[in-house]
Protein chains: 2
Amino acid sequence: MRPTVKDIARHAGVSAATVSLVLRNSPLVAAATRAGVQTSMDSLGYVYHRAAANLRMRLTHTVGLVICEITNPFYAELAAGIDDALDQAGWVAFVANTAESPTRQSRFIARMREHRVDGILLAPAEGTSAEVVDELSRNGIPVVQMLRRVGRSADYVSADFRLGMTLAAEHLIRLGHQRIAFVGGARRVSPARDRTEAFRAILPRFGLPVGPIVNCLPTREGGAAAVGQLFRDKSSAPTAVVCHNDLCALGVMLGLADLGLVPGRDAAVVGFDNIPEGAMHRPALTTVAIGGRQIGEEGARLLLRRIKSPEGPPESIILPPKLVVRESCGPRPSI
Amino acid sequence: MRPTVKDIARHAGVSAATVSLVLRNSPLVAAATRAGVQTSMDSLGYVYHRAAANLRMRLTHTVGLVICEITNPFYAELAAGIDDALDQAGWVAFVANTAESPTRQSRFIARMREHRVDGILLAPAEGTSAEVVDELSRNGIPVVQMLRRVGRSADYVSADFRLGMTLAAEHLIRLGHQRIAFVGGARRVSPARDRTEAFRAILPRFGLPVGPIVNCLPTREGGAAAVGQLFRDKSSAPTAVVCHNDLCALGVMLGLADLGLVPGRDAAVVGFDNIPEGAMHRPALTTVAIGGRQIGEEGARLLLRRIKSPEGPPESIILPPKLVVRESCGPRPSI
DNA sequence: AAATACTATTGGAACGATCTAAATCATAAA
DNA sequence: TTTATGATTTAGATCGTTCCAATAGTATTT
């Protein structure tokens, strides 16, 4: 059996209450007593039983991390950022990978509530209803929505996807492109909507037609497949493609290559996210950097703040994206 | 305040003990009583307080997941597999990303012990001493080491990297290659050692010299940099390169492309892991599939078994790798 | 009718910490 | 010597559950 405060108390010749005070670094306890208790703890190999303490205190110092797809490198970065911030504060996260399944997500959330997490970091699965977030808020469980916003009752951390799309489009327009396509947008999630709306809005402002929009999954496979649709008819094919994310953009470049076209020369390609593999690709991918790691850190910190002071209206942190120009966008090809 | 079993008991007109029996689906309780308790729970919005129950029972139904680098897509797959298996069993995992830092790792493990995890799934950071695992084992905390083995006192799940290397090398030899290099091996971890040793062993068996071995980090950057060393002198350059992992292999292909060489034509490249991006690359990467997801699942299941019955000698599960032939290996280029 | 067996239910003590309020102790002041 | 003061220490209740042993209640057997 592992030693408890009682065992330490007996061994050190004090009461359990005193041991507890030592554990909590209370100034009330005399230096000599503290030292004695410390040596007892060392010699018995005491391990603090946080779960037992949690029962008495109101906090578990634990949060739930619910992620829509951990194998997506962008969300892996997000998770790493969260892990960093929580580590600094001495907190731990339960993790759950919903794989974009709202059912799985609900199951995970229920399980985490049973474990009495103090709050939840949620990158919602596609198709998550606002009710999921509202229900948690109603029950006094702080939630921070990350990237995808499904409810208005909880905090939100994200990037300004509209601005990101504007940066990307303006860059292409400045290079002389006039037929600009958008690939992605199949997802029924706020960042996809934001991008699509911004895309529809920015082109007319420059007197350009809103190029074709192809719905596809934001994966390499989806991007590669979209190329087939866009470039079937050479005469109407776009000269530039903005993609929902880098994964998708890498797919588009792959699709172009398979058609014998060179990305950056025969068609410009821009992505979103700035995942590492974009930089280590040829041609290197021009992209809108979203800063997943930073969003994760900010999200974790916001959640901890919210747990400490649950009052006040929901907060939003919207980080500005940055255009990273690399090789995948050349000037409009002369026809 | 959230309702407790006592509140439910009062509301349903039974004792707390009976509510507990209902919660645990005990056959002891009469159908009518059970129904009454159920409706009380529904109407009061009861949420099971597992942490409190844990204190009484000896299990927390919680494991620690300590991963050396979650942003590496291979380990992300591993994590997804673990998550799947735990979900099926109704368990939850605390997650920690050590980012290859043994210090961070020790801190995380200590924190998880305070939370009284029932076991730990460990993909050890580079430089982890056997003592870390032994200490846990001595204290009766089940550990499953994943991929990297640092101690003999705990279970281990991995792939047969020696066999993997043999498959890769034989494939290249069969294609006619005679100057075969190995890129990777900088890591002081068992899978790297296994690969290196197998590499050294297999070539002499075919009467071939053990080609150059370049130590580098198993990243795109590392692979790309290694190309510079290997292909500086054209006359002695290898015709085939086996890489520590796919990330590294993608880097090597990038480096080759930057030298104007075409992977698969001017030099063959093989990776390890079979991460998704290898398939969606041109040329598509030939690789030794390790099955990270499956290793994760097996590891989680093994840990749960071990938690249920802690007795018995440490177990090892070594899964066979599979060669996935794609485009990055052609026959030996005629000079 | 009494004894037996079985089914449902329950009070109260755990689990391992913290918290409150009160007790103890030394020291200085009256 | 007594009292006041401040510094330490502690007994005992508490958090929300499960477990044990005991208690009713009901049906079956003798």
Side-chain angles (χ1 to χ4, degrees), chain A residues 1-38 40-41 44-62 90 111-118 139-140, chain B residues 1-38 40-41 44-62 90 111-118 139-140:
Chain A
M1 281 303 95
R2 285 195 257 270
T4 74
V5 279
K6 261 188 203 146
D7 300 319
I8 306 298
R10 194 172 12 251
H11 187 270
V14 296
S15 76
T18 302
V19 176
S20 175
L21 290 175
V22 171
L23 282 173
R24 316 202 59 237
N25 274 319
S26 161
L28 287 179
V29 56
T33 317
R34 155 167 295 125
V37 171
Q38 284 290 3
S40 290
M41 293 202 300
L44 295 191
Y46 175 72
V47 176
Y48 184 62
H49 194 323
R50 194 174 291 275
N54 290 340
L55 187 58
R56 187 74 238 268
M57 304 182 300
R58 308 308 298 205
L59 287 184
T60 59
H61 298 283
T62 277
R111 209 167 276 159
M112 287 177 177
R113 288 181 68 177
E114 292 192 351
H115 282 282
R116 285 296 194 274
V117 293
D118 295 325
N139 285 88
Chain B
M1 282 305 94
R2 285 195 258 271
T4 73
V5 279
K6 262 187 203 148
D7 300 319
I8 305 298
R10 196 173 10 253
H11 188 269
V14 295
S15 76
T18 303
V19 176
S20 176
L21 290 176
V22 172
L23 282 172
R24 314 202 60 236
N25 274 319
S26 162
L28 288 179
V29 55
T33 317
R34 157 167 295 125
V37 171
Q38 285 289 4
S40 291
M41 294 201 301
L44 295 190
Y46 175 72
V47 176
Y48 184 62
H49 193 324
R50 194 173 292 273
N54 290 342
L55 187 57
R56 189 73 240 269
M57 304 182 300
R58 309 308 299 205
L59 286 185
T60 60
H61 298 283
T62 277
R111 209 168 276 159
M112 287 178 177
R113 289 181 67 176
E114 292 192 350
H115 281 282
R116 284 295 194 275
V117 293
D118 295 325
N139 285 87

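Proteins get letters first, then strands, A, B, ... in listed order; numbering begins at 1 in each.
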Worksheet entry | Base-contact (B) and sugar-phosphate-only (S) positions in nucleotides 18-25 of chain D, heavy-atom cut-off under 4.0 Å, - elsewhere | BB------

Item to complete: Any chance you could measure B:Arg34, atom CZ, to B:Leu21, atom CG, to the nearest 0.5 Å?
Response: 9.0 Å

Taking all atoms of both residues into account, what is the closest heavy-atom pair of [X] and [Y], and its distance?
| X | Y | value |
| --- | --- | --- |
| B:Gly36 | B:Ala12 | O-CB, 4.3 Å |
| B:Met57 | B:Arg24 | SD-NH2, 4.4 Å |
| B:Ala16 | B:Ala9 | N-CB, 3.6 Å |
| A:Ala52 | B:Leu55 | CB-CD1, 3.7 Å |

Fill in: Closest-nucleotide 5' rank along DNA chain C - winner of B:Ala31 and B:Ala52
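By nearest-heavy-atom nucleotide position, the 5'-most residue is B:Ala31.
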
Discussion item. Judged by each residue's nearest nucleotide on DNA chain C, which is more toward the 5′ side, B:Ala30 or A:Arg2?
Written reply: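 Of the two residues, B:Ala30 wins.
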
Measure [atom1]/[X] against [atom2]/[N] and give the value in whole Å, please.
| X | N | atom1 | atom2 | value |
| --- | --- | --- | --- | --- |
| A:His115 | D:dG16 | NE2 | C1' | 15 Å |
| A:Leu55 | D:dA13 | CG | P | 17 Å |
| B:His49 | D:dC15 | NE2 | C1' | 8 Å |
| B:Met41 | D:dT17 | CE | C1' | 14 Å |
| B:Tyr46 | D:dG16 | OH | P | 10 Å |

Worksheet item: For residues 44-59 of chain A, which residue pairs qualify under salt bridge (charged side-chain N to carboxylate O under 4.0 Å, His left out), counting only residues two or more places apart or in two chains?
Response: A:Arg50-B:Glu114

Fill in: Residues forming a ring-ring contact (aromatic ring centres under 6.0 Å, His included) with A:His49, sequence neighbours excluded
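With neighbours one apart ignored, the set is empty.
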
Worksheet entry | Short side-chain N/O contact to D:dT10 OP1/OP2 from A:Thr18, under 4.0 Å |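 Result: yes.
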
Discussion item. Does D:dT9 have its OP1 or OP2 closer than 4.0 Å to a side-chain nitrogen or oxygen of A:Thr33?
Written reply: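 For D:dT9, OP1/OP2 do have a side-chain N/O of A:Thr33 under 4.0 Å.
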
Worksheet item: side chain to side chain donor-acceptor pair (under 3.5 Å): which pairs involve residues 10-20 of chain A, sequence neighbours left out?
Response: A:Asp7-A:Arg10, A:His11-A:Ser40, A:Ser15-A:Thr18

Item to complete: Taking heavy atoms of chain B and a 4.0 Å limit, find me the 5'-most and 3'-most nucleotide of DNA chain C within that range.
Response: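 Nucleotide range with atoms under 4.0 Å of chain B: C:dA8 to C:dG16.
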
Worksheet item: Using the C1' atoms of five pairs at each end, what's the angle between the two axes of the helix from C:dA1-D:dT30 to C:dA30-D:dT1, to 10 degrees?
Response: 70°

Worksheet item: Who passes side chain to side chain donor-acceptor pair (under 3.5 Å) against A:Arg113, sequence neighbours left out?
Response: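 Applying side chain to side chain donor-acceptor pair (under 3.5 Å) to A:Arg113 gives A:Glu135.
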
Worksheet entry | Residues that B:Leu23 engages under side chain to side chain contact (heavy atoms under 4.5 Å, CB included), provided they are two or more places apart |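 Per chain and number, B:Leu23 pairs via side chain to side chain contact (heavy atoms under 4.5 Å, CB included) with B:Val5, B:Val19, B:Met41, B:Tyr46, B:Tyr48.
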
Discussion item. Could you work out, with side chain to side chain contact (heavy atoms under 4.5 Å, CB included) as the rule, every residue matching A:Thr60, not counting sequence neighbours?
Written reply: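 Listed in chain order: A:Asn54, A:Thr62, A:Arg116, A:Asp118.
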
Item to complete: For B:Arg58, report the nucleic acid contact type (base, sugar-phosphate, nothing); a contact means any heavy atom under 4.0 Å.
Response: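 Counting heavy atoms under 4.0 Å across all strands, the contact made by B:Arg58 is with sugar-phosphate only.
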
Worksheet item: Contact class for A:Thr4 vs. all strands (heavy atom < 4.0 Å): base, sugar-phosphate, or nothing?
Response: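 Since only primed, P, OP1 and OP2 atoms lie under 4.0 Å of A:Thr4, the category is sugar-phosphate.
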
